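First up is the structure itself, then whatever we jot down about it.
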2 protein chains.
Amino acid sequence: MIGIGFINAARYYVVSETNKSQPMSQQTEQAYLASYNIKDYDTCLTTVDSVLFTVLNGELYTLLVRRANHPYLAYWGLPGGFIDVQRDVDLTACANRHLAEKTGIIPPYLEQVCSTGSKTRDPRGWSTTVTYYALMAHIQCTTDIDSVDDVQWLPVTQALQMELAFDHKQMIEQALERLKQKALYSLVPVYALPETFTLSELQQLHEVILGKSIQSKSFRRRIELANVLEETGELSTQKGKGKRPALYRVKASAADYRFMRNLEY
Amino acid sequence: MIGIGFINAARYYVVSETNKSQPMSQQTEQAYLASYNIKDYDTCLTTVDSVLFTVLNGELYTLLVRRANHPYLAYWGLPGGFIDVQRDVDLTACANRHLAEKTGIIPPYLEQVCSTGSKTRDPRGWSTTVTYYALMAHIQCTTDIDSVDDVQWLPVTQALQMELAFDHKQMIEQALERLKQKALYSLVPVYALPETFTLSELQQLHEVILGKSIQSKSFRRRIELANVLEETGELSTQKGKGKRPALYRVKASAADYRFMRNLEY
DNA sequence: CTATTTTGAGTCTTTAAGACTCTATTTTGT
DNA sequence: ACAAAATAGAGTCTTAAAGACTCAAAATAG
């Protein structure tokens, strides 16, 4: 990222009055577009892959898909694939389509992580993938489309110890890193919980993501300040030892709320 | 982003012992790769574009390039373009190559912002672009490669009022938004300054990016805490009214340093 | 030589997180 | 029925770091 160079002199150019006058080429745009064919050029493969997280029994899970095609045939990898230039209107739609194909639903939270592209990451040639991560409640997750053996939830720790297709392991690591950052200054992880949840469940989820415990007083103070959750008025019906906790649901503004200060790390 | 659905039952699948046993297809991987030709498929255009920022006279500038080809012939747009599948080893190299072609140097800071892809953003067809933003000292910026009229530094505010090629205006806005966030919790903007600089210059830069003034006591306290700048031992030679300010240079660790707490906004 | 400007340090206040305490509520064991 | 244990959730003191304001030192302009 660092690499400093110097040049001798600095010049400063003034913008011309208009940016549309006098086309610099003889060919008209219409003629150019009519004769343009993407297959005349060496292009790169472009795919969209998603890291779908959820939480179950206090553990973070991710969805893996067994590949039915070369390369990496029969390896486990991320849900995703090529852009369907007919059906996908944009990248987000492409990510959601692949996720819906595997889970049956469109997850309530989807965020772009980064793009990774290189000459060597795919044996078929220069390849770029746009990585998203998504969150959804575990109860919402299964599929009646793919056969049982093709799709599975796996604890993230376990997934990261497997040999996955392509560079999907690094992509999971990057998505997890992003989710960790979000857990430090937002309540985004809430989208991995079901419709209604308790504050303790939410705190436990943050703790699992961060890999460390949080002061519950701090956590609850922040939630009150953020004002992005609302009480349902009900208490949890799950039988447990202590006092019955209140149930909350998330307001629409939760996805964008950002605390000014991170939790300690 | 919100859209919740439900399914009746949740199932949980256990991972199989190995992920490589018994290929599911008759064709070998070698045969598949030998017969694979990207041009047999409908692919999408993929480009890499960068928003290059610098600071001059207390104003934020960005580098624009005049397009020599259709579409958007003669419009101003971002430096960037197609991936050269022969020469570019990865996305970062591609971004740096296009920037070096226009400026003569590889900028000292480069960071990926996001990717934008849709059916409609390019009249030639489904197109995806990976947006980076880069920072460099203004004095380092000019070109001996492009003719004078092809490349120019322009105040960002002015660039955002122009009609630019493709969706490059939104890309500049996104890059600027990212830079603003960085200015709130890091010292990344320092890479828009020359090799040595004063703390006041750095503070003024942050103020320009944020569009508001900063308490200089807070700013200096943070810099001391971060420990990512070092005094050169010299004082600024620029003649000015008051006390001569100390010169600083950036340590290598500056790009990754992150404050726990944002400046107020 | 004095007024003015800028750098840069000193210090009080404010905000929000960490750490710890305490109480109410619920289940479990006897 | 009652004691013990566990959990939810509020109260409060401490601590860290930013905001706000003050002030001294160093430089220039007149």
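By convention in this document, chain letters (A, B, ...) are assigned in the order of the sequence lines, proteins followed by strands, and residues within each chain are numbered from 1. Bear in mind that the values here come from a model prediction, so they are computed numbers and not experimental data. Side chains included, hydrogens not; waters and symmetry mates left out as well; all remaining heavy atoms used.
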- Ignoring hydrogens and angles, does a donor from either the side chain of Lys243(B) or the base of dG8(C) sit under 3.5 Å from an acceptor on the other? no
- Rounded to whole angstroms, how far apart are CG on Leu225(A) and P on dG18(C)? 13 Å
- Item | Polar side chain donor-acceptor pair, Thr131(A) to Asp49(A), under 3.5 angstrom | no
- Item | Rounded distance in Å - OH (Tyr185(A)) to C1' (dA16(C)) | 19 Å
- Query: Whole Å only: how far is the CG atom of Leu210(B) from the P atom of dG19(D)?
  - Reply: 11 Å
- Reckon Gln215(A) has a side-chain N or O less than 4.0 Å from the OP1 or OP2 of dA19(C)? yes
- Item | Watson-Crick or G-U wobble partner of dG30(D), both distances under 3.5 Å | dC1(C)
- From the options dA27(D), dG18(C), dA17(D), select the nucleotide whose nearest atom is closest to the side chain of Leu235(B). dA27(D)
- Message: Whether Arg220(A) contacts dG9(D) is assessed here as follows: a side-chain N or O lying under 4.0 Å from the phosphate OP1 or OP2. Is that the case?
- Response: yes
- Message: In whole Å, I'd like the distance from the CG atom of Asn262(B) to the C1' atom of dG19(D).
- Response: 15 Å
- Task: Tell whether Lys217(B) reaches the base of dG10(C) with its side chain through a donor-acceptor pair below 3.5 angstrom.
- Result: yes
- Between dA18(D), dA29(D), dT7(C), which nucleotide has the shortest distance from any of its atoms to the side chain of Ser200(B)? dT7(C)
- Item | Candidate nucleotides dG18(C), dA16(C), dA18(D), ranked by approach to the side chain of Ser218(B) - the nearest | dA18(D)
- dG18(C) base / Arg221(A) side chain donor-acceptor hit below 3.5 Å: yes
- Task: Let me know the distance between CG of Leu247(A) and P of dG9(D), rounded to the nearest Å.
- Result: 9 Å
- Task: Using whole Å, report how far CD of Glu264(A) lies from P of dG18(C).
- Result: 5 Å
- Query: Does Lys212(A) pair with Glu207(A) as a salt bridge, N-O distance under 4.0 Å?
  - Reply: no
- Task: Assign each of Arg261(B) and Lys241(B) to its nearest nucleotide of DNA chain C by heavy atoms, then name whichever residue's nucleotide is nearer the 5' end.
- Result: Lys241(B)
- Query: Between the main-chain N or O of Leu78(A) and the side-chain N or O of His168(A), is there a donor-acceptor pair closer than 3.5 Å?
  - Reply: yes
- For Arg222(B) and dA17(D), is the shortest distance between a side-chain N/O and OP1 or OP2 below 4.0 Å? no
- In whole angstroms, how far is the P atom of dG18(C) from the CD atom of Gln203(A)? 11 Å
- Gap between atoms CD and C1', on Glu224(A) and dA10(D) respectively (whole Å): 10 Å
- Hey, are Arg249(B) and Glu230(B) close enough for a salt bridge, meaning a charged N less than 4.0 Å from a carboxylate O? yes
- Task: Decide yes or no on side chain to side chain contact (heavy atoms under 4.5 Å, CB included) for Leu135(A) and Leu179(A), but give the supporting numbers first.
- Result: CA-CA 10 Å; Leu135(A) 303 174; Leu179(A) 184 60; 4.2 Å; yes
